[in-house]
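Okay, structure first, notes after.
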Amino acid sequence: MTIRLYDTSARQIRDFTPLTPGCVSIYLCGATVQAAPHIGHIRSGLNFDIMRRWFEYRGHEVTFVRNVTDIDDKIIAKGADQGRPWWAIGYANERAFNAGYDALGCLPPTYEPRATGHVPEMIEMMRGLIERGHAYEADGSVYFDVRSFPGYLQLSNQDLDDLRQPAEEGITGKRDPRDFAMWKATKPGEPDWETPWGRGRPGWHLECSAMAHKYLGSAFDIHGGGLDLIFPHHENEIAQAKAFGDDFARYWVHNAWVTMSGEKMSKSLGNSVLVSEMVKNWRPIVLRYYLGTPHYRSMIEYSEESLREAEAAFARIEGFVQRATEKAGRTVAPAAEVPPAFAEAMDDDLGVPHALAIIHTTVRQGNSALAADDKDEAIARLAEVRAMLGVLGLDPLDPHWAEESGGGEELHGVVDTLVRVVLEQRESARERKDWATADAIRDQLNRSGLAVEDGPDGPRWTLGNR
């Protein structure tokens, strides 16, 4: 068994070999909390949640660090515009991100450090870089000298002579316009911290280099994030960390975006779809299916139609799980191992689309067993399906999803009692051959979001499609 991952730095799929056998260390660039999360933000956390789950299934102990950038130009600007403290903006949005991760079933990280809690580690790194000749102080700010680090831009495969760093407002004293700020000198009305070079606040790139070093050491296995972070953020992280003396990340894994009309979903473009709004109209488990089942390196073009397709596809899986559980007369535990074809797909760069095809094939086999009244075969397929869904965080019988609608088993019981009364009326109409009334009752239930299915044991209802 060898897990293989696409390594951005190598530009190819590589066999994954952890630094420490049996252990995997992952650093994921998490939220910059200037605004509430849209589904593009949450996709990244979800993709790496699936990665983590697969490593754990394969027997690895995973240390998963997902940081919070809680100090940033945009956070400060938002606070000024709204007349609120910058930290209040950051904290409210941090909670919104965590609510979004939790709603979509992401496991909590091992550590979730905030940038503002690690200024001493940043000062230590800057001091070391200045001493080694890789950084310098100017007008109270500290800059990284990009020409001092020969490996700069290898991740993004750019030429230094053609490079243009993103503009940094108010930055002065650079020796070279391509140098980037590690520390920004204090400005009136902005938060600041004391350093040997004067008061100021962190630069974005320094935060992650310092936090990765603190929680994962001088070398770790995987650094992850969205494609948009390759440059300048990840490129600058590498320069700082390696110039400081760290080996840093051995594999670089980047997820693609959620787009709308071909544009990356973002607050600045005004095309974002907030998670808090989405969960009001779609079941969170359906959103997880929609965002988590495409390959992590494939773009997702957002549309209501594609969401409805995802809902219908998941309903077929969930319907089988419910019917097979009823046939078994008990909760069937997930199989100890997933089918070999599923494992092969997941080992190959987390090939979730191919793995999902195995799930749907197994569901069809299970439905055939139910139709043939082959209880043992149906239970065997149910155990396999639950094992595979568990790896993807999509098992509808998992306790996390049992409460997703807010009422859990108690609410289901109340609804079941009420629907049974209506179904009895429908059965009475069918017995007296009043087909018009029977069909009208079924159609009304369908419009209410319930699907009625007639079987040898009588009618049964499930949550239907939109």
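Please read these numbers as outputs of a predicted model, since none were measured by experiment. In what follows, residues are counted from 1 in the order of the sequence shown.
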Sidechain-backbone polar pair: Asn93 side chain, Val33 backbone, donor-acceptor under 3.5 Å: yes
What is the ring orientation for His233 with His205, classed by angle as parallel under 30°, tilted 30 to 60°, or perpendicular over 60°? tilted
Check the pair Tyr91, Asp70 against side chain to side chain donor-acceptor pair (under 3.5 Å), reporting the backbone distance first and the verdict last. CA-CA 8 Å; Tyr91 183 62; Asp70 61 341; over 6 Å; no
Checking Asp221 side chain against Ile26 main chain: does a donor-acceptor pair fall under 3.5 Å? no
Heavy atoms from other residues, nucleotides or ligands near OH of Tyr111 exceed 12 (cutoff 6.0 Å): no
Does either side chain, that of Asp247 or that of Ser218, offer a donor lying less than 3.5 Å from an acceptor on the other one? no
Test your reading of the model: is there a side-chain donor-acceptor pair from Thr362 to the backbone of Ile358, 3.5 Å cut-off? yes
Output the distance between atom CD1 (Ile285) and atom CG (Leu389), rounded to the nearest 0.5 Å. 8.0 Å
Kindly state whether the ring of His38 and the ring of Tyr302 have centres lying under 6.0 angstrom apart. no
Less than 4.0 angstrom from a charged side-chain N to a carboxylate O is my criterion; do Glu124 and Arg127 meet it? no
Shortest non-hydrogen contact between Leu46 and Gly292, atoms and distance: CD2-CA, 3.5 Å
Which atom of Gln240 lies closest to which atom of Ser209, heavy atoms considered: NE2-OG, 2.8 Å
Shortest non-hydrogen contact between Arg178 and Val146, atoms and distance: O-CG1, 3.5 Å
For Gly351, is there any backbone N or O sitting under 3.5 Å from a side-chain donor or acceptor partner on Asp349? no
What verdict does the side chain to side chain donor-acceptor pair (under 3.5 Å) test give for Asn255 and Ser44, after you've listed the backbone C-alpha separation in whole Å, the side-chain angles of each residue and the deciding distance to 0.1 Å? CA-CA 6 Å; Asn255 65 277; Ser44 180; 3.0 Å; yes
Does this structure show an ion pair linking Glu384 with Arg381, if we count only N-O contacts that are shorter than 4.0 Å? yes
Side chain to side chain contact (heavy atoms under 4.5 Å, CB included) assessment of Leu155 paired with Thr8: CA-CA 7 Å; Leu155 180 69; Thr8 305; 4.1 Å; yes
Would you say Arg250's side chain and Ala219's backbone share a donor-acceptor pair under 3.5 angstrom? no
Out of curiosity, Ser25 OG to Glu61 CD, how far, rounded to the nearest 0.5 Å? 11.0 Å
What residue among Trp197, Phe180, Tyr136 forms ring pair (Phe, Tyr, Trp, His ring centres under 6.0 Å) with Tyr143? Tyr136
Residue pairs involving residues 3-35 (criterion ring pair (Phe, Tyr, Trp, His ring centres under 6.0 Å); sequence neighbours excluded): Phe16-Phe55, Phe16-Tyr251, Tyr27-His223
Taken to the nearest 0.5 Å, the spacing of Met388 CE from His360 NE2 works out to 10.0 Å
Could you go through Tyr296 and Val352, starting from their C-alpha distance and side-chain angles, then the distance that decides it, and tell me whether this counts as side chain to side chain contact (heavy atoms under 4.5 Å, CB included)? CA-CA 8 Å; Tyr296 74 91; Val352 174; over 6 Å; no
Does NZ or CZ of Arg66 lie under 6.0 Å from the centre of the six-membered ring of Tyr101, at an angle within 45° of the ring axis? yes
Asp145 and Ser148 have their tightest heavy-atom pair at O-OG, 2.6 Å
Assess whether atom CZ of Arg132 is packed by more than 12 heavy atoms of other residues, nucleotides or ligands within 6.0 Å. yes
Which heavy atom of Ala383 sits nearest to which heavy atom of Val332, and what is that distance? CB-CG1, 4.1 Å
Under the salt bridge (charged side-chain N to carboxylate O under 4.0 Å, His left out) criterion, do Lys280 and Glu277 qualify, and how do the steps go? CA-CA 5 Å; Lys280 295 177 183 177; Glu277 295 301 313; 3.2 Å; yes
Between Lys74 and Asp72, does any NZ, NE, NH1 or NH2 come within less than 4.0 Å of an OD or OE carboxylate oxygen? no
Using a strict 4.0 Å threshold on nitrogen-to-oxygen distance, state whether Arg201 and Asp73 make a salt bridge. yes
Atom CD of Glu301 with >12 non-hydrogen neighbours under 6.0 angstrom: yes
Whether His41 and Phe97 hold their rings parallel, tilted or perpendicular, with breakpoints at 30° and 60°: tilted
Under-4.0 Å salt bridge between Arg114 and Glu94: yes
Determine yes or no for a side-chain-to-main-chain donor-acceptor pair under 3.5 angstrom, with Ser141 supplying the side chain and Lys184 the backbone. no
Exceeds 12 heavy-atom contacts within 6.0 angstrom, atom CD of Gln12: yes
Hey, what do you get for CG (Asn47) to NE2 (His254), rounding to the nearest 0.5 Å? 12.5 Å
Tell me if the CD atom of Glu194 is crowded by more than 12 foreign heavy atoms within 6.0 Å. yes
I need the Met346 CE to Ile50 CD1 distance, nearest 0.5 Å. 6.5 Å
Decide if atom CD of Glu137 counts as having more than 12 heavy atoms of other residues, nucleotides or ligands within a radius under 6.0 Å. yes
Say you draw a straight line from CD1 of Ile39 to CG of Leu307; how long is it, rounded to the nearest 0.5 Å? 6.5 Å
Between Asn67 and Pro113, is there a donor-acceptor pair closer than 3.5 Å when you use the side chain of the first and the backbone of the second? no
When the ring planes of Phe248 and Trp252 are compared, do they come out parallel, tilted or perpendicular, using 30° and 60° as the limits? tilted
Quick check: closest heavy atoms across Gly393 and Trp401, and the distance to 0.1 Å? O-NE1, 3.1 Å
Is the Lys NZ or Arg CZ of Arg147 less than 6.0 Å from the centre of Tyr152's six-membered ring, within 45° of the axis? no
Would you kindly say whether Ser9 and Asp7 are connected by a side-chain donor-acceptor distance under 3.5 Å? yes
Donor-acceptor contact present, side-chain Asp15 to main-chain Arg4, <3.5 Å: no
Salt bridge present between Asp102 and Arg288 (N-O < 4.0 angstrom): no
